[in-house]
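To keep things clear, I will list the structure first and then write my remarks on it.
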Amino acid sequence: MADMKLPTRSEDFSEWYNQLVLRAELADYAPVRGCMIVRPYGWALWENITAALDQRFKATGHMNAAFPLLIPRSFIEKEKSHVAGFSPELAVVTHGGGEKLEEPLVIRPTSETIIGHAYAKWIQSYRDLPLLINQWNSVVRWELRTKLFLRTLEFFWQEGHTAHATAEEAEAETRQMVDVYTDFARNEAAIPVIPGRKSEAEKFAGADITYSLEAMMGDGKALQFCTSHNLGQNFAKAFEIRYLDKNGVLQFCWTTSWGLSTRVVGAIIMVHGDDQGLIFPPRLAPHQLAIVPIFKSDEEKTTVLENARKLQRELIDAGVRVKMDEREGISPGFKFNDWEMRGVPLRLELGPKDVAKASVVLARRDRPGKEGKSFVAQQGIAAAVKQQLDEIQQALFDRALAFRNSHTVEAESYDEFKKAVETGFAFSWWCGGGDCEAKIKEETKATMRCIPLEQPGGSGSCVYCGNRSAERAIFAKAY
RNA sequence: CGGGGCGUGGCUCAGCCUGGCUAGAGCGCCUGGUUCGGGACCAGGAGGUCGGUGGUUCAAAUCCACUCGCCCCGACCA
């Protein structure tokens, strides 16, 4: 049964990822190149992600809305760096109702422009500010090379767009959302992220400052988890988003935008997964616990299933997301492997022996084999399950953090630096110069991921040019 | 857009070089039976315009031309 096994992560990380996404039924390829069908199991994960975020957005005063998919092409052209950044990857609608359109329509690659247009109408006074709106939608960017979840032509995300009276407020909002995302990443996705600032070269087309959260994948490469942009007055000026202040003076607004996409599904796969398959963090897992009933005879089947259903109800009532595996004609061993491949964090095995002892076997996904199995009394099962789920959640975070730490080098020399980015992150002094950044990219394929908000202090010499530098930056090969 | 690879039942592929019987295998699927505490087994069965178009030939999955699509690697990106 060799072909039931996945390629190992060490022999071919990329192929491991591709096969796992398909086999675990998270997603499938669509008829159009670069597009993805998100299957129910993958969408269930995304729904849990959206729920965790949406609740945080609302708690910080944002409301959801829906803006149109189609944008007049001229809108994109109003902000000059925005055009330059997005033009190459636009999908354009030229015909409608069988007629050639007067003005081509762009399928949104992001919604700053159409939202800016609306904000210009809605905002008149300082009393209208701040305006705090988010939308859940999909956008289209004509990418050349795609990979399921990580980069697809169409991807699902949320984009928040806010307008403020002052630069300080806009910056505070931008930073607040960095904190919201960081909290989500660490506490829900169990992914240790590094919040930081992007370089001029890497920032969003049209932003004054871009913050991002960077995460290390299981192969040592970096993935941008999400971004939060301080757009300054760039879009406010392009779309004339203005308000009258208390003194009756007409002012331009200060705007922000921030987004997180289905890419984080890829991050979760690549951070936590092992050679056996997926491992989902309990807080986001579609099924937190899978029940595998074990029996031979019909009598055993009756008693085991009856007991299993009772436990299922009890756990559901306690708020645990439970999947009962009643598939017939499939051996328990197969089911064990199947749920492990699909990343269910906890498995409950229940056979005649367990029924007799009024206990169950709990098997932790993060600890393969016997080591992760424990016998647990049915009395008080819900509490025991919840405790183990919490432990797994924490263990996944700890493991990811330990991995990142062991693959991060505070490289001082360029030689050290080059070695570091082959296997992980280099955290090095950088002068901030675009020339050094470009040369490094050219020579090592590693890019400036971010200048972490958290700095060691002091100063050192730039890892490339040797000039005095006040900040360290993360460099890595990235997805 | 450059480089590489591949299109044959749902999936992975063999067959192609050197044209020739009803086009094969494994997995999966359906039916029945025996199994079932770490990826079970036996028997029977369903399922294919060999990516497309054109050409060569008595004869094309196989040779030729064109074409479409996908995957992988690079430059661009969340």
Side-chain angles (χ1 to χ4, degrees), chain A residues 1-6 12 14-15 17-19 22-23 28-35 84-90 109-110 138-159 181 198 201-205 210 212-215 222-229 257-267 276-277 292-298 300-301 304 325 327-341 347-357 360-361 363 368-370 372-373 375 441-442 445 447 449 477-479:
Chain A
M1 296 288 159
D3 61 350
M4 300 196 77
K5 287 232 190 305
L6 292 160
D12 192 343
S14 180
E15 195 49 30
Y17 177 89
N18 287 338
Q19 288 196 23
L22 297 175
R23 283 213 216 167
D28 204 349
Y29 292 105
V32 175
R33 176 197 73 85
C35 290
F86 283 105
S87 288
E89 49 187 51
L90 291 177
T110 178
S138 69
V139 293
V140 170
R141 300 180 187 175
W142 216 261
E143 300 291 347
L144 300 176
R145 269 195 68 198
T146 58
K147 196 174 177 73
L148 292 170
F149 288 113
L150 295 183
R151 189 174 301 105
T152 46
L153 293 201
E154 179 189 15
F155 60 91
F156 297 87
W157 74 343
Q158 58 68 215
E159 46 177 331
Y181 285 138
K198 285 290 192 186
E202 298 276 339
K203 76 182 190 189
F204 176 73
T210 288
S212 77
L213 311 193
E214 298 292 326
L223 182 78
Q224 181 173 299
F225 194 82
C226 62
T227 48
S228 181
H229 314 291
S257 69
W258 27 276
L260 176 149
S261 74
T262 31
R263 168 177 269 199
V264 304
V265 171
Q276 193 69 14
V292 179
I294 300 159
F295 48 79
K296 292 189 181 122
S297 64
D298 280 352
E300 282 179 355
K301 180 177 172 182
V304 168
D325 190 347
R327 287 178 290 177
E328 307 244 8
I330 298 172
S331 68
F334 184 93
K335 291 180 179 179
F336 296 166
N337 283 286
D338 195 42
W339 292 116
E340 281 169 11
M341 187 268 290
R347 180 177 68 244
L348 189 157
E349 303 171 12
L350 184 75
K353 292 180 220 161
D354 305 297
V355 174
K357 289 186 294 182
V360 302
V361 174
K370 278 202 187 113
K373 288 200 182 188
F375 290 94
K441 184 173 176 181
E442 197 184 310
K445 303 263 169 77
T447 52
R449 301 319 304 155
K477 292 185 181 175
Y479 278 97

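Just so we're on the same page: letters track the sequence lines, and every chain starts at 1.
Heavy atoms of Arg145(A) sit under 4.0 angstrom from at least one base atom. Counting non-hydrogen atoms under 4.0 angstrom, Pro352(A) reaches a base of the nucleic acid. Residue contacts for Val292(A): at a heavy-atom cut-off of 4.0 Å it reaches no nucleic acid atom on any strand shown. Arg347(A) comes within 4.0 angstrom of a nucleotide base, judged by non-hydrogen atoms across all strands. Using a 4.0 Å heavy-atom distance criterion, Glu442(A) is classed as making no nucleic acid contact. Looking at heavy-atom distances under 4.0 Å, Thr152(A) makes contact with a base. At the heavy-atom level, Glu143(A) lies under 4.0 Å from base atoms of the strands shown. Using a 4.0 Å heavy-atom criterion, one finds that Leu223(A) contacts no nucleic acid atom at all. When heavy atoms are screened at a 4.0 angstrom cut-off, Tyr29(A) is found touching the sugar-phosphate backbone but no base atom. Residue contacts for Lys147(A): at a heavy-atom cut-off of 4.0 Å it reaches no nucleic acid atom on any strand shown.
Between Glu214(A) and Gln224(A) there is a side-chain heavy-atom pair separated by less than 4.5 Å. For the pair Trp142(A)/Leu153(A), a side-chain contact is recorded, criterion being any heavy-atom separation below 4.5 Å from C-beta on. Between Leu148(A) and Leu22(A), some side-chain heavy-atom pair lies under the 4.5 Å cut-off. The closest side-chain heavy-atom distance from Thr227(A) to Trp258(A) is not below 4.5 Å.
Residues meeting the side-chain hydrogen bond (donor to acceptor under 3.5 Å, both in side chains) test with Tyr29(A), sequence neighbours left out: none.
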Convert the base pairs of RNA chain B into dot-bracket notation, remembering that pairs crossing earlier ones are written with [ ] and that bases paired across to another strand are shown as |; include only Watson-Crick or G-U pairs under 3.5 Å. ((((((((.[[[[.)....(...]]]].((((((.....)))))).....[[[[[..)....]]]]])))))))....
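When the C1' atom is used for both A43(B) and C6(B), the distance is 37 Å, rounded to whole Å. For the P atom pair drawn from G10(B) and G48(B), the interatomic distance equals 8 Å after rounding to whole Å. Rounded to whole Å, the P atom of G2(B) lies 35 Å from the corresponding atom of A60(B).
Of the candidate nucleotides G38(B), C70(B), A75(B), G38(B) has the atom nearest to the side chain of Phe336(A).
Each of Ser14(A) and Glu154(A) was matched to the nucleotide of RNA chain B holding its nearest heavy atom; the match closer to the 5' end belongs to Ser14(A). Place Asn18(A) and Ala478(A) on RNA chain B by their nearest nucleotides, and Asn18(A) ends up nearer the 5' end.
The base of G37(B) has none of its N or O atoms less than 3.5 Å from a complementary donor or acceptor on the side chain of Lys296(A). Under 3.5 Å, the side chain of Asp338(A) and the base of G39(B) form no donor-acceptor pair of N or O atoms. Judged by distance alone, with hydrogens and angles left aside, Glu340(A) brings no side-chain donor or acceptor close enough to the base of G39(B) to form a pair under 3.5 Å. In this model, no side-chain donor or acceptor of Arg141(A) finds a partner on the base of C77(B) within 3.5 Å.
Ring geometry for His229(A) versus Phe204(A): interplanar angle under 30°, hence parallel rather than tilted (30 to 60°).
The nearest pair of heavy atoms linking Arg33(A) to Glu143(A) is NH2-O, 3.2 Å.
Ion pairing between Lys301(A) and Glu328(A) holds under the 4.0 Å rule for side-chain N and carboxylate O.
Atom-to-atom, CD of Glu89(A) to P of C1(B) comes out at 17 Å; the value is rounded to the nearest Å. When the P atom of G38(B) is taken as reference, atom CD of Gln276(A) falls 14 Å away, rounded to whole Å. Whole-Å rounding puts the Tyr479(A) OH to C73(B) C1' distance at 14 Å.
Each of Leu150(A), Thr262(A), Val140(A) was compared with Phe155(A) under the side-chain contact (heavy atoms from CB on, under 4.5 Å) criterion, and only Thr262(A) meets it.
In this structure, Lys445(A) does not reach the C76(B) phosphate: none of its side-chain N or O atoms is under 4.0 Å from OP1 or OP2.
Within residues 328-335 of chain A, the residues approaching RNA chain B are Ser331(A), Pro332(A), Gly333(A), Phe334(A), by heavy-atom distance under 4.0 Å.
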